[in-house]
Protein chains: 2
Amino acid sequence: MTTETRALASDLSLAVVRLTRHLRGRRVDAQVSLTQLSALATLDQEGAMTPGALAAREKVQPPSMTRVVASLAELGLVERSPHPTDGRQIIVSLSSSGQALLADETHAREAWMNEQLSGLGSADLVTLRSAVEIITAMVSKPE
Amino acid sequence: MTTETRALASDLSLAVVRLTRHLRGRRVDAQVSLTQLSALATLDQEGAMTPGALAAREKVQPPSMTRVVASLAELGLVERSPHPTDGRQIIVSLSSSGQALLADETHAREAWMNEQLSGLGSADLVTLRSAVEIITAMVSKPE
DNA sequence: TATTGTTATACTCTATAACTATA
DNA sequence: TATAGTTATAGAGTATAACAATA
């Protein structure tokens with residue numbers, strides 16, 4: 001591993017932590033938090049699944065996902081239904097409200113981030129898009 | 001603004017939130033948290049400053065920085081000294097322990113991230129380096 | 001006995017509001 | 001009166017440990 005790669009690991013860590021701080025702070029009046037939005041997005045992309053599977057997919061522990069799912073169910077954004085054959089499990093699915101909210105978020109929210117991106121040139125946008133793909137692959141890998 | 005830019009805003013938000021979750025979770029046995037490390041890195045790069053200036057630079061509210069600085073001082077990683085002319089202010093500076101820890105972190109920690117980066121090709125590393133610069137500029141802008 | 005999900009509990013990070021000391 | 005910093009308090013996000021229900 002090169003010195004540059006090690007420095008990149010450190011710099012990338014600080015950059016994403018600071019960016020996350022911004023993003024979370026700017027959503028205080030949003031309908032759902034980024035944690036909730038992340039779970040909704042996974043349900044949208046991968047379909048209904050059990051809380052355990054969603055926890056694994058989001059890379060959090062099951063009790064953490066219990067709380068997220070409970071809050072989303074209370075908001076009517078997901079629905080919980082019994083598993084057809086295994087009484088221990090339940091199936092979490094996106095409700096129509098959840099789908100609608102997700103569409104709104106994807107297309108119109110993230111105002112601050114949208115503004116930042118508007119100030120960038122197309123080369124920078126291409127770079128960020130590529131970075132998103134790399135990071136997504138990184139955090140999606142099974143352990 | 002294009003549809004692609006809006007989708008990028010959404011995807012980038014989710015990617016960095018998920019990556020941050022990973023990074024924080026993997027530091028439970030580290031000497032300092034990412035929040036503390038971020039403050040140390042700013043002190044290292046920009047020199048000693050008041051808690052207020054550090055809060056502004058890190059884009060957090062002053063009470064949040066009070067806690068971070070207090071925890072770092074308790075660990076002996078920063079020192080607090082009186083402002084030469086203004087009795088209300090104090091100056092926070094990196095201690096030699098703080099500098100040493102920062103050097104260690106930069107060069108040897110972030111083990112998980114280092115491992116992920118080791119699996120990437122040089123083109124991806126260049127992309128991530130560029131993305132770090134773009135994100136850093138984004139979160140460093142005065143409001 | 002093993003697995004799934006939940007409850008109980010605790011810690012970190014961050015915020016706003018109120019307070020103290022100094023300018 | 002205004003500013004810098006701290007204290008008090010609260011809420012979100014996450015974790016581990018212990019529990020209940022079902023397989």
Side-chain angles (χ1 to χ4, degrees), chain A residues 13-14 16-40 48-75 78 80-92 139, chain B residues 13-14 16-40 48-75 78 80-92 139:
Chain A
S13 297
L14 293 178
V16 299
V17 164
R18 288 165 177 165
L19 181 53
T20 297
R21 187 190 280 159
H22 271 247
L23 293 171
R24 286 201 190 278
R26 284 169 188 287
R27 289 187 65 85
V28 288
D29 53 352
Q31 289 183 74
V32 295
S33 70
L34 281 172
T35 295
Q36 293 170 314
L37 192 58
S38 181
L40 290 176
M49 63 183 82
T50 66
L54 190 51
R57 187 61 189 71
E58 286 282 300
K59 300 285 171 48
V60 298
Q61 294 302 309
S64 302
M65 190 50 69
T66 292
R67 286 189 42 159
V68 174
V69 169
S71 66
L72 291 173
E74 199 165 344
L75 291 167
V78 301
R80 285 179 284 196
S81 45
H83 190 283
T85 62
D86 187 335
R88 296 170 302 181
Q89 301 185 48
I90 64 176
I91 303 293
V92 182
V139 299
Chain B
S13 297
L14 293 179
V16 299
V17 164
R18 288 165 175 165
L19 181 52
T20 297
R21 186 189 281 159
H22 270 247
L23 292 171
R24 285 199 190 281
R26 284 169 188 287
R27 288 187 64 84
V28 289
D29 54 352
Q31 290 183 72
V32 296
S33 71
L34 280 172
T35 296
Q36 292 170 314
L37 193 59
S38 181
L40 290 176
M49 63 184 80
T50 66
L54 190 52
R57 187 61 190 73
E58 286 282 299
K59 300 285 171 48
V60 298
Q61 294 302 308
S64 302
M65 190 50 70
T66 290
R67 286 193 40 160
V68 174
V69 169
S71 66
L72 291 174
E74 198 165 345
L75 291 167
V78 302
R80 285 181 284 198
S81 43
H83 190 282
T85 62
D86 188 336
R88 296 170 304 182
Q89 301 185 49
I90 64 175
I91 303 292
V92 182
V139 299

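Below, chains carry the letters A, B, ... as their sequence lines are ordered, and counting in each starts from 1.
Residue contacts for B:Thr35: at a heavy-atom cut-off of 4.0 Å it reaches the sugar-phosphate backbone alone, with no base atom in range. Nucleic acid contact for A:Thr85: sugar-phosphate only, since backbone atoms but no base atoms lie under 4.0 Å from a heavy atom of the residue. Residue contacts for B:Gln89: at a heavy-atom cut-off of 4.0 Å it reaches the sugar-phosphate backbone alone, with no base atom in range. B:Thr20 comes within contact range of no nucleotide atom at all, as no heavy-atom separation falls under 4.0 Å.
Rounded to a whole Å, the CG atom of A:Leu54 is 14 Å from the C1' atom of C:dT4. Rounded to whole Å, the distance from CE on A:Met65 to P on C:dT7 is 16 Å. Counting to the nearest Å, the C1' atom of C:dA10 and the CD atom of A:Gln61 are 15 Å from each other. For B:Arg88 and C:dT20, the CZ to P distance is 17 Å, given to the nearest whole Å. Atom CG in A:Leu72 sits roughly 13 Å away from atom C1' in D:dG13 (whole-Å rounding). Atom CE in B:Met49 sits roughly 12 Å away from atom P in D:dG5 (whole-Å rounding). Atom CD in A:Gln36 sits roughly 14 Å away from atom C1' in D:dT14 (whole-Å rounding). Atom P of nucleotide C:dA15 and atom CG of A:Leu23 are separated by 13 Å, given to the nearest angstrom.
Regarding contacts with the backbone of D:dG13, a side-chain N or O of A:Ser33 is found under 4.0 angstrom from either OP1 or OP2. At least one side-chain nitrogen or oxygen of A:Thr50 sits closer than 4.0 Å to the OP1 or OP2 atom of C:dG5. Remark: B:Ser64 is in phosphate contact with C:dA15, judged by side-chain N or O atoms under 4.0 Å from OP1 or OP2.
Looking at heavy atoms from C-beta onward, B:Leu75 lies in side-chain contact with B:Val32 at the 4.5 angstrom threshold. A:Thr85 has its side chain within reach of A:His83: a pair of non-hydrogen atoms, C-beta onward, lies under 4.5 Å apart.
Donor-acceptor pairing under 3.5 Å, judged by distance alone, is absent between the side chain of A:Arg24 and the base of C:dT14. On a pure distance criterion of 3.5 Å, no polar donor-acceptor pair joins the side chain of B:Arg67 and the base of C:dT12.
A donor-acceptor pair is defined here as one N or O able to donate and one able to accept, closer than 3.5 Å; such a pair exists between the side chain of B:Thr20 and the backbone of B:Val16.
Comparing C:dA8, C:dA17, D:dG5 against the side chain of A:Pro63 picks out C:dA8 as the nearest.
Of the residues listed (B:Gln36, B:Arg80, B:Glu74), the one engaging B:Val69 in a side chain to side chain contact (heavy atoms under 4.5 Å, CB included) is B:Arg80, and it is the only one.
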Under the criterion side chain to side chain contact (heavy atoms under 4.5 Å, CB included), I'd like the reasoning laid out for A:Glu58 against A:Thr35: C-alpha separation, chi angles, the key distance, then a yes or no.
CA-CA 9 Å; A:Glu58 286 282 300; A:Thr35 295; over 6 Å; no

